[in-house]
Number of protein chains: 2
Amino acid sequence: MLWFPMASAAQSESRDKLLDAATHLIRARGYTATRVDDICASAGLSKGSFFHYFSSKEDLALAAAQRWNEQTGSLFATAAYHQPADPLERVLAYIDFRKSLLHGKVPEFTCLMGTMVQETYETFPAIREACDGSISGHAATLEADIGAAMQQYKLHPSWTAASLALHTQCVLQGAFILAKAKQGPAVAAESVDHLRRYVEMLFTQPQPEENRHGNRNRSGPGRDRSGRHSRPGAKNSRGASR
Amino acid sequence: MLWFPMASAAQSESRDKLLDAATHLIRARGYTATRVDDICASAGLSKGSFFHYFSSKEDLALAAAQRWNEQTGSLFATAAYHQPADPLERVLAYIDFRKSLLHGKVPEFTCLMGTMVQETYETFPAIREACDGSISGHAATLEADIGAAMQQYKLHPSWTAASLALHTQCVLQGAFILAKAKQGPAVAAESVDHLRRYVEMLFTQPQPEENRHGNRNRSGPGRDRSGRHSRPGAKNSRGASR
DNA sequence: GACAGCATACCGACCAGTCGGTATGCTGTG
DNA sequence: CACAGCATACCGACTGGTCGGTATGCTGTC
């Protein structure tokens, strides 16, 4: 086989088989529950082969993260949602594209990074960092379009393009969790619909006055329907959340 | 000690210690990576004691889920966000309340259910079901307020109260993932801000025409700024997502 | 013959779950 | 009250199997 030095890609077929098997298994069972032997069996290779390519299981996870970035990177880079001239249309087309990917079995449309970071954020700093980089990096590809749309629609909101870009990823990650809990993409798609509606409204309609506690523009009277602030009163110091 | 039969609560101090330790460890490291020995050590009890109260690790997870429901259930049931007369204000106050809980270390404000379901949805059906029930059940407590707000504001939208209620949980779960990736609650809070803005806009402003692919009301011309539909063109069948 | 690619056999730590045992306290009966 | 009978609470050594990782060797190719 010819040996193109193509920016860390095309390293070895067996290596890729291991990475693909690992990606699939981790998406289905999580990082810790995925055994090295499972990966080898699923890839049709032996343990010796595994440790020929990866120095450890963690090393494999990092390599899988990198491969994930390359694959999803090119998928999104070449996708059709970049075509519209209007930047807002591009953002909405991105959301539509994400929605269109939500089909099939759960482990086939969920996110490797979101899955891994849940279990590793405290115990495997390197993996956490890779997941953060992947998610944040992907969000960053939306920022330019969002920023351009803000300019075009002459918006000067309290939120930033970066924050809205991250919010899209937030909704997607949350949608994956709901999809896992409910065993199918239907719920996820509905949340993506809500996300789309939000973005559309953000750019085409006047935004509500900020009447939050702890916000920069402790706005004037405005249209605050009640003036009540929920002022937590959290007697329970242990955060509780679902 | 007197023995109130108080609806499955107050079973045993040691049992609760084990459940608390398990909850904390699972929130930090995930279900699989949390060892029974870790739980025992953290609770200051022995393994014999553990298996006296729980027949297996999975049994513990289910018990922890139930305890979680009881604890968060009463936290939310007694919280102040129910006070406003206006149902929309109650929903917004709920969101504010959720935001106010986002502080401290990551494992202290993230969700046990969202964490567990990620690793167990394929391999531990009973745990998956418990997580689904917990999240969906909590979402259901919002439905009445959302529905009342829809009536009061005379909304007849394409979305349902149930779907919006689930969307709030979607954003929260996604926010927890971002918080884990970024090691702090700041990102999470920003996404909750977006969620609040969305809900506020939904009820106080005209909603955009639906111009999605695959939507029921293939609306008339309306205010569709371009008419383009991103019509996926996904040549790649393997779902890719982050 | 050097080395990438891959396999088999094996190691030692670890881990869920078991088991025999002790300590404590409650209950009813004479 | 005394005491048998029994259940609960808890301990920690042990087991059988698992898992990440290592050691070693075979094979084909440049």
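This is a predicted model, so every value here is computed, not measured. Every chain is numbered from 1, with letters handed out A, B, ... down the list of sequences.
- Within the structure, a side-chain polar atom (N or O) of A:Tyr53 is placed less than 4.0 Å from OP1 or OP2 of C:dC6.
- For A:Ala64, the side chain to side chain contact (heavy atoms under 4.5 Å, CB included) criterion is met by A:Leu19, A:Thr23, A:Leu112, not counting sequence neighbours.
- Using a 4.0 Å cutoff on non-hydrogen atoms, the parts of residues 34-45 of chain B near DNA chain D are B:Leu45, ordered by number.
- Pairs passing the ring pair (Phe, Tyr, Trp, His ring centres under 6.0 Å) check and including a residue from residues 13-45 of chain B, sequence neighbours excluded, read B:Tyr31-B:Phe124.
- Across all strands shown, the partner of C:dA23 is D:dT8, judged by Watson-Crick or G-U wobble contacts whose two distances both fall under 3.5 Å.
- Nucleotide D:dC30 is matched to C:dG1 when pairs are restricted to Watson-Crick or G-U wobble geometry with both distances under 3.5 angstrom.
- Applying the side chain to side chain contact (heavy atoms under 4.5 Å, CB included) rule to B:Ser163 yields the partners A:Glu190, A:His194, B:Trp159, B:Thr160; only residues at least two apart in sequence or on another chain are considered.
- Side chains of B:Arg128 and A:Gln183 form a contact here, defined as non-hydrogen atoms less than 4.5 Å apart.
- If you take NZ of A:Lys17 and C1' of C:dG5, they are 12 Å apart, rounded to a whole angstrom.
- Not a single donor-acceptor contact under 3.5 angstrom links the side-chain atoms of A:Lys57 to the base of D:dG21.
- In this structure, B:Ser55 does not reach the C:dG17 phosphate: none of its side-chain N or O atoms is under 4.0 Å from OP1 or OP2.
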Let me check something: any side-chain donor-acceptor pairs from residues 33-41 of chain B under 3.5 Å, sequence neighbours excluded? List them with distances.
from, atom 1, to, atom 2, distance (Å)
B:Thr34, OG1, B:Leu25, O, 3.4
B:Thr34, OG1, B:Gly30, O, 2.7
B:Arg35, NH1, B:Thr32, O, 3.1
B:Asp38, OD2, B:Arg29, NH1, 3.0
B:Asp38, OD2, B:Arg35, N, 3.2

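- Distance B:Phe54 CZ to D:dA9 C1': 13 Å, rounded to the nearest Å.
- Nearest-nucleotide positions on DNA chain D place B:His52 closer to the 5' end than the other of B:His52 and A:Ala33.
- B:Lys47 contributes a side-chain N or O that forms a donor-acceptor pair with the base of C:dA16 under 3.5 Å.
- Among the atoms of the strands shown, none is found under 4.0 Å from any heavy atom of B:Phe50.
- There is a side-chain donor-acceptor pair under 3.5 Å between A:Tyr94 and A:Arg98.
- Residue A:Phe51 places its side chain closer to D:dT22 than to any other of D:dC10, D:dT22, C:dG17.
- With sequence neighbours excluded, the residues that form a side chain to side chain contact (heavy atoms under 4.5 Å, CB included) with A:Glu122 are B:Ala28, B:Pro107.
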